[in-house]
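Letters A, B, ... are given to chains in the order of the sequence lines, protein chains preceding strands, and every chain is numbered from 1.
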2 protein chains.
Amino acid sequence: MTVQPTRDRRAERREATRAEILQAAWELAREQGLGGLSLRDIAAKIGMRPPSLYWYFDSKHAIYDAMFADGNRQLLERLDAVKLPRDPRAALKRYLGAFMGFALEEPARAELLFQRHIPGFTPSPESYALAEAALAGAVKVIGEAGVTDQGDIDCLVAMTAGLMDAQMSNDPGGNRWTRHLNRLVDLLVDDAITGSTHG
Amino acid sequence: MTVQPTRDRRAERREATRAEILQAAWELAREQGLGGLSLRDIAAKIGMRPPSLYWYFDSKHAIYDAMFADGNRQLLERLDAVKLPRDPRAALKRYLGAFMGFALEEPARAELLFQRHIPGFTPSPESYALAEAALAGAVKVIGEAGVTDQGDIDCLVAMTAGLMDAQMSNDPGGNRWTRHLNRLVDLLVDDAITGSTHG
DNA sequence: GTCTATATCCAGATAGAC
DNA sequence: GTCTATCTGGATATAGAC
């Protein structure tokens, strides 16, 4: 019998090139917006011709999907690394603050992950599962702060997203909206807790 | 001298055709999304060839701009027609509720007016002035409810937009998020008023 | 006013040589 | 693996006849 190598150098190289393509895609998205991404430009950026990309990805949507998964993995990693204070309320503020910081530091990434306006693109189930994992993490921290009612959770999430959107659209780089996060968290959590003990 | 007619029938007809073009554009935007709008389809819808549209509008962006102005005029009209209760707090709820209802009833219109997703499109100053007039109306009603601090206004606006976005994205046609509007308005306004008397 | 015809440019994707 | 060459189809916009 033939001896099997323990590493598949070819697969490794392929993975490396895939990563290179994705990195080029992110850079272009940053420079000219997510919608303006073209296979031409991606290929040019890494010294390839457009058709060569098809050896690594089945379609343009497949690239978007890989970016979507990639971005969500970055989000999960970031949120996992957050040092949460022992006080649950403070932990929630820290967690949502980290989330907002993550979104604001790269608008193109936030656009792909949190808004959905790429024409025909829908994330694959595997990629979408990553996004749901991130949301589940938030729900856990919210729950530990005493907010378990679905309506209250919805309010917290919508409020956070509202501040984030306003910040990104109207004052990128500033803090005109984000600075209200902690105050609004207190307001909503207090109200949720009061409501739950009375209702 | 020649006798001048009091009406310019040619101009009237031209305006009518412009309106017809816009109506077709709205219908297509409703059917296939705002981004998918093409001059081909607009022309086809009213029995014209694409080049003929250029007699009525200078470019595709000019059509978007006219739609933007049109949508904002509809918004102003709607908000003006709202019967406001005498109680300022109730009036604010009614006003913001009307705003959300307006946005939710036509997602394509809301996309054009309240999110900014069309590649190279920026509203003309004249059209943008209409949008600012609508916001000014909201600020007035908010102020009458006792909220005058810019930060508090920002929170109210961002919160409303957050609920609206979540509703449109995740539960179009439902009320999972919108149903919390009145409660959150109370929460924010109470806090704003309390804060202003103490600070 | 509306048309035909066309210019120009771009996109994503495939076939097949090397 | 990467290429050249090409397919297919879309877009906005312009020129000029009628």
Side-chain angles (χ1 to χ4, degrees), chain A residues 5 7-25 28-29 31-68 108 112 117-124, chain B residues 5 7-25 28-29 31-68 108 112 117-124:
Chain A
R7 282 171 52 199
D8 186 340
R9 304 185 72 91
R10 195 161 298 172
E12 284 173 12
R13 188 171 176 83
R14 187 184 157 94
E15 260 322 296
T17 304
R18 275 178 63 103
E20 199 184 345
I21 291 169
L22 287 184
Q23 193 188 344
L28 286 167
E31 293 165 12
Q32 61 191 37
L34 199 64
L37 255 189
S38 75
L39 299 184
R40 287 172 126 71
D41 294 345
I42 297 175
K45 189 140 210 160
I46 57 172
M48 272 187 179
R49 305 291 166 185
S52 305
L53 298 175
Y54 284 85
W55 198 84
Y56 298 96
F57 292 96
D58 287 342
S59 67
K60 190 186 185 184
H61 276 4
I63 294 182
Y64 278 133
D65 195 57
M67 292 172 78
F68 184 85
L112 178 60
H117 42 59
I118 286 143
F121 169 65
T122 316
S124 63
Chain B
R7 281 170 53 200
D8 186 340
R9 304 186 73 88
R10 193 162 300 174
E12 283 172 13
R13 187 167 177 86
R14 186 183 158 95
E15 261 322 296
T17 303
R18 274 178 64 102
E20 199 184 345
I21 291 169
L22 288 183
Q23 193 188 343
L28 285 166
E31 291 165 13
Q32 61 191 35
L34 201 64
L37 211 54
S38 75
L39 300 183
R40 284 171 129 69
D41 294 346
I42 297 174
K45 189 140 208 156
I46 58 171
M48 273 188 179
R49 306 293 166 185
S52 305
L53 298 176
Y54 284 85
W55 199 82
Y56 299 95
F57 291 97
D58 286 343
S59 67
K60 190 186 185 184
H61 276 4
I63 294 181
Y64 277 132
D65 195 57
M67 293 172 78
F68 184 85
L112 178 61
H117 291 160
I118 285 139
F121 169 66
T122 314
S124 64

So [Y] and [X], do their side chains get closer than 4.5 Å, heavy atoms only?
X      : Y     : answer
B:T17  : B:M48 : yes
A:F121 : A:K60 : no
B:I63  : B:M67 : yes

Looking for any heavy atom pair under 4.0 Å, which part of the strands does [X] touch: base, sugar-phosphate only, or nothing?
X     : result
A:G47 : sugar-phosphate
A:T17 : nothing
A:R13 : nothing

Quiz item: Taking the side chain of A:R14 as its heavy atoms from C-beta onward, which of D:dG1, C:dA11, D:dA11 lies nearest to it?
Solution: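 Shortest atom-to-atom distance from the side chain points to D:dG1.
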Within this structure, what is the [atom1]-[atom2] distance for the pair [X] and [Y], rounded to the nearest 0.5 Å?
X     : Y      : atom1 : atom2 : answer
B:Q23 : B:I42  : CD    : CD1   : 12.5 Å
B:L34 : B:H117 : CG    : NE2   : 10.0 Å
B:E20 : B:K45  : CD    : NZ    : 12.0 Å

Would you kindly give the [atom1]-to-[atom2] distance between [X] and [N], to the nearest whole Å?
X     : N      : atom1 : atom2 : value
A:I63 : C:dA13 : CD1   : P     : 9 Å
A:R18 : D:dG1  : CZ    : C1'   : 15 Å
B:I21 : C:dG1  : CD1   : P     : 12 Å
B:E15 : C:dG1  : CD    : C1'   : 15 Å
B:M48 : D:dA13 : CE    : C1'   : 16 Å
A:D41 : C:dC10 : CG    : C1'   : 11 Å
B:F57 : C:dG1  : CZ    : C1'   : 15 Å
B:E12 : C:dG1  : CD    : C1'   : 17 Å

Practice problem: Compare every heavy atom of A:A43 with every heavy atom of A:R49, then report the nearest pair and how far apart it is. | Solution: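 In terms of heavy atoms, the two residues are closest at C-CB, 3.7 Å.
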Practice problem: Please check if the side chain of A:R18 supplies one atom and the backbone of A:F57 the other of a donor-acceptor pair under 3.5 Å. | Solution: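 No, because the side chain of A:R18 does not come within donor-acceptor range (under 3.5 Å) of the backbone of A:F57.
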Quiz prompt | Heavy-atom donor-acceptor pair, A:Y64 side chain to A:L112 backbone, under 3.5 Å | solution =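 Judged by distance alone, no pair lies under 3.5 Å.
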Quiz prompt | Positions of residues 32-39 of chain A (non-hydrogen atom under 4.0 Å from DNA chain C), listed by number | solution =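 Nucleic-acid contacts, sorted: A:L37, A:S38, A:L39.
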Self-check item: Strand-adjacent residues in residues 49-56 of chain A, judged by heavy atoms under 4.0 Å from DNA chain C
Solution: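 Under 4.0 Å from DNA chain C: A:P51, A:Y54.
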Self-check item: B:R40 vs D:dA11: side-chain N/O to OP1/OP2 distance below 4.0 Å
Solution: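 B:R40 to D:dA11 OP1/OP2: side-chain N or O found under 4.0 Å.
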